[in-house]
2 protein chains.
Amino acid sequence: MIHNHLDLLNKVKTDLPADELLSDLSDLFKLFGDSTRVKILFALSESEMCVCAIAELLGMTQSAISHQLRTLKDANLVASRREGKTIYYHLSDDHVRAIIGQGFEHLTEKQ
Amino acid sequence: MIHNHLDLLNKVKTDLPADELLSDLSDLFKLFGDSTRVKILFALSESEMCVCAIAELLGMTQSAISHQLRTLKDANLVASRREGKTIYYHLSDDHVRAIIGQGFEHLTEKQ
DNA sequence: CGTTCATATGACTACTTGTTCATATGATAA
DNA sequence: TTATCATATGAACAAGTAGTCATATGAACG
């Protein structure tokens with residue numbers, strides 16, 4: 001410690017969540033920190049969609065979308081169901097909408 | 001387009017925000033997508049703190065913290081005030097707390 | 001069976017980024 | 001001024017990652 005802020009440090013240190021929890025938190029936000037994934041999540045918040053529909057909507061490769069969907073699925077933000085050859089993805093959690101909503105509020109509410 | 005989902009595509013396409021807005025949104029979440037920055041933001045949500053206090057709290061270099069504070073300041077998530085040689089940082093926006101809170105809800109509310 | 005459609009996957013590459021190290025700035029005190 | 005404290009900054013390096021390309025899987029159809 002350089003100058004004196006022991007009391008403050010102790011206070012904040014007790015309130016700070018465990019490293020692992022904060023790491024999980026940043027990992028969660030990291031998923032929203034890519035424009036392709038945010039677009040996918042936003043689209044899925046409107047409607048369930050199949051992979052090629054998302055790819056066309058975003059003007060991107062099926063492969064690129066598939067990779068991102070896997071990332072989102074591994075994190076349990078989206079889930080899928082199969083219907084013949086087509087696989088439909090949807091949000092697995094309403095928190096996704098809430099988180100995106102909060103972000104939008106920050107962006108749009110500028111005085 | 002490969003198989004038929006024109007109606008859905010048109011519907012979702014009109015509801016999807018502009019590319020630039022979604023890009024800004026992902027840029028915002030990107031800031032929360034690093035454990036060091038999340039820790040800093042969480043700490044500052046408890047109390048205003050100087051750089052070396054944050055560095056000690058997180059067990060990291062003053063330089064590393066300073067770099068991240070600059071990133072957060074450029075994004076207008078934190079602001080600073082000078083008091084002699086010391087510079088105190090604080091959250092510049094209550095949305096930061098709300099966003100972190102939403103993330104926590106998602107993490108903790110598991111059934 | 002073989003073919004086609006929809007999606008998934010693995011390897012590779014180019015780009016981004018968080019930290020370190022050394023140094024600079026800027027304020028205070030002697 | 002010189003020294004010291006608190007912070008900022010620039011360059012460089014290592015680790016992570018989004019997209020591409022080629023290929024694999026898996027279901028439906030003839």
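What you see is a predicted model; the values in this text were computed from it and never measured. A note on names: the letters A, B, ... follow the listed sequences, proteins ahead of strands, and every chain is numbered from 1.
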What is the nucleic acid contact for A:T71, judged by heavy atoms within less than 4.0 Å: base, sugar-phosphate only, or nothing? nothing
Distance in angstrom units between B:D27 CG and C:dT17 P, rounded: 9 Å
How close or far is atom P of D:dT9 from atom NZ of B:K73, stated in whole angstroms? 8 Å
Does B:Q68 put a side-chain nitrogen or oxygen below 4.0 Å from OP1 or OP2 of C:dT19? yes
What residues, two or more places apart in sequence or in another chain, satisfy salt bridge (Lys or Arg N to Asp or Glu O under 4.0 Å) together with A:R82? none
At under 4.0 Å between heavy atoms, what does B:Y88 touch on the DNA or RNA strands: base, sugar-phosphate, or nothing? nothing
So if I define the base as every atom that isn't primed, P, OP1 or OP2, how would nucleotides 20-30 of chain C read as a B/S/- string at a heavy-atom cutoff under 4.0 Å? BBB---SBS--
By the 4.0 Å heavy-atom rule, please label B:K30 as base, sugar-phosphate, or nothing. sugar-phosphate
Using atom CZ of B:R70 as one end and atom P of C:dG18 as the other, report the distance to the nearest whole Å. 14 Å
Can you check the B:L58 CG to C:dG18 P distance for me, whole Å? 15 Å
Nearest-Å distance for atom pair CZ/P, residues B:F32 and C:dT17: 16 Å
When the distance from CG of A:D74 to C1' of D:dT17 is rounded to whole Å, what number comes out? 15 Å
For the residue pair A:F32 and B:F29, categorise the inter-ring angle as parallel (less than 30°), tilted (30 to 60°) or perpendicular (more than 60°). tilted
Is a salt bridge present between A:D7 and A:K11, judged by a nitrogen-to-oxygen distance below 4.0 Å? no
Considering every strand and a 4.0 Å limit on heavy-atom distances, what is the contact class for A:T86: base, sugar-phosphate, or nothing? sugar-phosphate
Run the numbers on B:K73 and B:S80 for side-chain hydrogen bond (donor to acceptor under 3.5 Å, both in side chains), then give the verdict. CA-CA 8 Å; B:K73 193 175 185 179; B:S80 62; 2.8 Å; yes
side-chain contact (heavy atoms from CB on, under 4.5 Å) partner of B:H106, chosen from A:L77, A:D24, A:L25: A:L77
Would you say B:T108's side chain and B:F104's backbone share a donor-acceptor pair under 3.5 angstrom? yes
Between C1' of C:dT19 and NZ of B:K39, the distance in whole Å: 14 Å
On DNA chain C, more 5' by nearest nucleotide between A:L69 and B:T36 is A:L69
Distance in angstrom units between A:L31 CG and D:dG16 P, rounded: 16 Å
Interatomic spacing from CG in A:N76 to CG in A:D93 - rounded to 0.5 Å: 9.0 Å
